[in-house]
Structures are given as structure tokens and as C-alpha cells.
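In each ligand, atom 1 is the first atom listed, and ligand 1 is the first ligand listed. Worth saying up front: this structure is predicted, and the values here are computed from it rather than measured.
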Amino acid sequence: MLFDCETFVSHLECSETGEHYPADQIANLSRAGKPLFVRYDLDRLGRAVTPELLKTRLPEFWRYREFLPVRHKENIVRLGEVMTPLLNARFLEQSLGQREVIVKDEGRLPTGSFKARGLALAVSMARELGISRMAIPTNGNAGAALAAYCSQAGIESYVFCPDDTPDINIREIALLGASTYTAAGLINDCGRFVTAGIEKAGWFDTSTLKEPYRIEGKKTMGLELAEQYDWELPDVILYPTGGGTGLIGMWKAFAELKEIGWLTGKLPRMVSVQASGCAPIVDAWECDLTHAEPWQNAHTVAAGIRVPAAIGDFLILNAIRESNGFAIAVDDDDIVATQRDIAQKDGLLLCPEGAATATALIQARERKLIDPDERVVLFNCATGLKYPMPDDSQSMSLANPPAYRDIVNRTE
Ligand SMILES: *Cc1c(COP(=O)(O)O)cnc(C)c1O
């Protein structure tokens with residue numbers, strides 16, 4: 001027996017109206033067309049588990065099982081959901097004179113991105129609820145995670161991505177067993193196609209925030225961070241925001257931990273980072289709106305955050321406001337330059353989205369939005385290996401090689 005899955009889910013709840021829905025049923029959006037949150041009996045949960053008990057468990061996110069919705073352990077789909085490391089970004093720390101800069105490296109998760117957290121939960125719950133066919137629109141990483149977990153679970157998967165999704169992602173998704181389609185359009189266009197096919201194709205719509213469980217998976221980032229920081233969170237979290245599941249999920253995690261009394265201090269300021277070629281949340285934040293306008297002609301090298309319209313926009317904006325955070329957009333050129341600097345100076349191959357958070361830190365310091373005294377966490381959401389990389393190598397002949405002193409640039 002792996003473990004006894006005691007869970008404390010009480011009901012589902014509309015994130016806008018608060019209307020209740022029964023748990024343990026197949027669900028997409030609420031009647032108001034908004035995301036559903038999973039709610040727990042936190043009183044009972046807080047009595048059933050302690051931080052000390054967690055320490056006795058395997059270093060994987062299923063250690064937070066009481067905070068998750070899966071009821072039967074045999075439905076858990078596993079591919080090795082490791083706890084991801086906190087790494088020091090010394091180059092940034094020193095060049096900015098920042099008290100502390102930590103990278104949470106999510107590239108270590110199955111399929112090389114933190115989409116594994118959400119999809120592990122969505123697919124485990126699909127198995128629990130008897131779903132046998134799942135579909136998703138994706139910029140790459142979510143599709144790969146869905147394909148992997150579905151194949152492991154014996155569930156059919158159908159993945160639809162923009163035709164300029166990084167090639168390695170498209171190949172990865174198909175190789176992992178999903179029926180994979182690329183189309184001229186953006187993720188939202190692919191999403192409309194998936195939603196329109198629910199009846200005819202008979203698949204479950206696994207789009208970001210259109211089902212209640214991916215967010216519970218992403219919530220484990222907040223639980224894990226809190227545990228890794230010994231229940232005293234850092235001051236600022238910079239999060240590259242597409243659909244915003246992770247930011248919303250972490251904020252939900254912190255609220256639940258506060259409610260059960262494990263977090264007593266100040267919560268971190270949540271900072272939403274976007275690319276200036278697709279920054280609907282930043283625009284809405286700057287104009288003090290509660291919802292974002294759809295972004296036109298979205299483009300950025302940071303494919304994972306190319307999301308022109310997010311159904312959870314109001315939840316992202318709420319979390320930013322409640323936490324006294326902010327939203328900030330950065331240019332692709334700066335993202336690419338920062339990615340290279342950090343790779344060469346700290347040995348960390350960030351994904352462009354992760355490099356966007358580092359760029360945002362640099363620019364937020366210039367604009368005095370972040371204080372040098374604050375302890376900062378940057379989210380690197382995927383391994384840099386999943387993206388096109390520049391070729392900076394030189395070829396040489398071994399028969400007629402260059403002089404060694406030219407290779408190592410020795411002048412003496
Ligand atoms: C999906 C994705 C994001 C955005 O995550 P959300 O929680 O949906 O906002 C950022 N970076 C990468 C690498 C991603 O795959």
C-alpha cells in the first residue's frame with residue numbers, strides 16, 4: 001500500500017459568486033462561466049496533519065496529499081513528482097546588491113516543466129471520475145504533461161497547439177502518445193476548438209482553469225515553497241504569468257496554510273511577469289481594472305506566457321492586489337540577454353519564461369518597485385533545454401587544428 005488517501009474535500013465553489021457545487025463529480029466551469037475552486041474542511045485537515053508528519057514522507061508533492069482532492073490512492077498517476085530545488089542566483093544577487101535571490105527550478109519535474117504538477121492532479125482526478133478521453137489547447141508544456149500522464153493512466157489524449165510552438169514540444173507530445181495537431185492560431189483559438197468539440201468528440205476539456213484540479217496541482221508550489229522556507233515565506237515572488245494557474249494556486253495555498261495556522265507571518269508580494277508582446281494582465285493592472293482586455297497580435301519568445309486572454313484574470317489581479325504586489329512587462333531582447341548572462345555566470349539554463357522573471361527583477365529594482373532588502377524568489381518553470389538555443393560553437397579540423405594558445409586565448 002502506497003498510503004492511505006485521507007482527503008478533506010468538502011465541495012467545489014465558484015471563484016466569483018461563491019456558489020457551491022458537490023465534490024467528486026466531473027466539472028468544468030461554474031454556472032457563471034468562472035473557474036471552480038476545490039474547498040476543504042480545513043479544521044479537520046489541520047488536526048489530521050502536522051509539519052512534523054510531512055517530514056517523514058517522500059520528497060515529492062504527494063506528501064501534501066491531505067491538501068489535494070484525490071480520494072483513492074490507486075488513482076494517483078505517478079511519473080516521479082520530485083520536490084524542486086531552491087538555487088542561489090549569485091550573479092543577480094551580487095550585481096543587484098539584493099539581499100537574496102533564489103530560483104525555484106521547476107524544470108526538474110516530469111516532462112521538464114511545472115505543468116506536470118497541474119496535469120498530474122487533473123489526470124489522477126480524471127481516472128477517479130471515470131474520464132477516458134482528454135483534450136487540451138497548449139503552448140507546448142501543458143500538452144506534453146497531459147500526454148505523459150494520460151499515457152501512464154491509460155487515458156486517450158488530444159493536443160492542439162499553435163503551429164509556431166517550439167518544435168521540440170510538438171515532437172515530445174506526439175512521442176508521448178497524444179494525437180497531436182498544430183494549427184495557425186493562438187492558444188485561445190485552439191481552446192475554442194477544444195471546447196466546441198466536447199459533445200462531438202466526447203472528450204473532457206482540460207484547458208487551464210476550465211476544470212478545478214490543475215490549480216490544486218499548481219497549489220503544491222506554494223505548499224512546497226512554504227515548507228522549504230520552514231513556514232516563513234520570502235518577501236517577493238516573481239511569477240511568469242500566462243493563464244495564471246500557478247500564481248492563483250500559490251495564493252490559495254498560502255490562504256489555506258494561514259487558515260490552519262501554519263503560516264503566521266506576512267505573506268509574500270505576488271508579482272506577475274509578462275512579455276511586452278503579450279501583457280494583458282500588466283495593462284489591466286496599470287489601468288486598475290478587475291478584468292483584462294484580450295491582447296491583440298500576441299508574440300514573445302517566452303511561449304509559455306503567450307496567453308492573450310486568461311479566464312482567471314480577475315483572480316490573478318486579486319492576488320496581486322491583496323498581496324501588495326504588482327505586474328510588470330519585459331522585452332524579448334532583455335529576456336534573451338538575461339538568460340545568457342545567468343547561464344554563463346551561474347550555470348543555470350533558465351527557460352525564457354524563467355529568464356523573464358530575472359529580467360523583471362532587474363527592471364523592478366531600477367523602478368524602485370522592489371527593495372534591495374527583500375528576499376526574492378524567481379520561478380523557473382521549465383528546463384531551458386526545451387527551447388531553441390543559439391549555436392555559439394565553432395567547428396575545427398582535427399587534421400589541421402588551430403593552435404592551443406588561440407583556443408584558450410593565451411598571450412604569454
Ligand atoms: C505554462 C507556463 C507558464 C505560465 O504558467 P501559468 O500558471 O499558466 O500562468 C510559464 N512558463 C512556462 C514554461 C509554462 O509552460
Side-chain angles (χ1 to χ4, degrees), residues 35 84 103-119 121-122 136-146 148 159 161-162 165-166 168-170 172-173 186-188 190-191 206-211 214-222 237-253 270-275 278-282 292 295 298 300-313 315-317 319-320 327 330 335 339 349-360 378-388:
T84 62
V103 173
K104 185 152 174 67
D105 189 9
E106 297 279 297
R108 317 295 175 101
L109 285 158
T111 68
S113 89
F114 68 177
K115 291 293 193 299
R117 293 185 188 266
L119 275 310
L121 261 295
I136 201 167
T138 180
N139 283 324
N141 289 328
L146 180 75
V159 175
C161 29
T165 300
I168 190 162
N169 278 300
I170 298 171
E172 177 193 16
I173 296 164
L186 292 171
I187 187 167
N188 300 55
C190 293
T206 321
S207 304
T208 300
L209 291 169
K210 287 194 184 165
E211 58 74 56
R214 284 176 66 182
I215 193 165
E216 293 304 292
K218 284 277 194 86
K219 193 178 84 177
T220 61
M221 289 192 291
I237 294 178
L238 285 92
Y239 186 81
T241 310
T245 335
L247 195 144
I248 299 164
M250 278 194 278
W251 197 239
K252 183 172 187 285
M270 305 299 284
V271 176
S272 172
V273 177
Q274 298 200 301
C278 182
I281 299 296
V282 181
W295 191 268
T300 168
V301 292
I305 52 176
R306 193 178 62 166
V307 179
I311 189 159
D313 53 0
L315 298 168
I316 303 169
L317 290 160
I320 298 174
V330 292
I335 293 176
Q339 183 190 35
L349 188 54
L350 304 182
C351 61
E353 298 82 355
T357 65
T359 311
L378 309 176
F379 266 86
N380 183 51
C381 307
T383 166
L385 292 172
K386 295 190 80 172
Y387 297 77

For the 3.5 Å polar cut-off, considering only N or O atoms, please tell me whether [X] and ligand 1 meet it.
| X | value |
| --- | --- |
| Thr241 | no |
| Leu247 | no |
| Gly246 | yes |
| Tyr239 | yes |
| Glu353 | no |
| Thr245 | yes |
| Gly243 | yes |

Would you give me the side-chain donor-acceptor pairs under 3.5 Å for residues 303-310, sequence neighbours excluded?
| residue | atom | partner | partner atom | Å |
| --- | --- | --- | --- | --- |
| Arg306 | NH1 | Asp164 | OD2 | 2.9 |
| Arg306 | NH2 | Asp164 | OD1 | 2.9 |

**Message:** Tell me the protein heavy atom at minimum distance from atom 12 (C) of ligand 1, and give that distance in Å.
**Reply:** Cys381 CB, 3.6 Å
**Prompt:** Of all the non-hydrogen atoms in the protein, which one sits nearest to atom 2 (C) of ligand 1, and at what distance?
**Reply:** Lys115 NZ, 2.3 Å
Can you list the atoms of ligand 1 that are under 4.0 Å from a heavy atom of [X]?
| X | result |
| --- | --- |
| Asn141 | 13 (C), 14 (C), 15 (O) |
| Ala382 | 13 (C) |
| Tyr387 | 13 (C) |

Any heavy atom of [X] closer to ligand 1 than 4.0 angstrom?
| X | result |
| --- | --- |
| Pro240 | yes |
| Lys218 | yes |
| Phe114 | yes |
| Ile305 | yes |

**Prompt:** Within the distance-only criterion (no hydrogens, no angle test), does the side chain of Glu211 pair as donor or acceptor with the backbone N or O of Thr206 below 3.5 angstrom?
**Reply:** no
**Request:** Keeping the roles fixed (side chain from Lys104, backbone from Thr84), state whether a donor-acceptor pair exists under 3.5 Å.
**Result:** yes
**Prompt:** Judged by modelled atom types alone, do Arg117 and Thr220 share a side-chain donor-acceptor pair under 3.5 Å?
**Reply:** yes
**Message:** Are Ile311 and Thr208 packed together at the side-chain level, in the sense that at least one heavy-atom pair is separated by less than 4.5 angstrom?
**Reply:** no
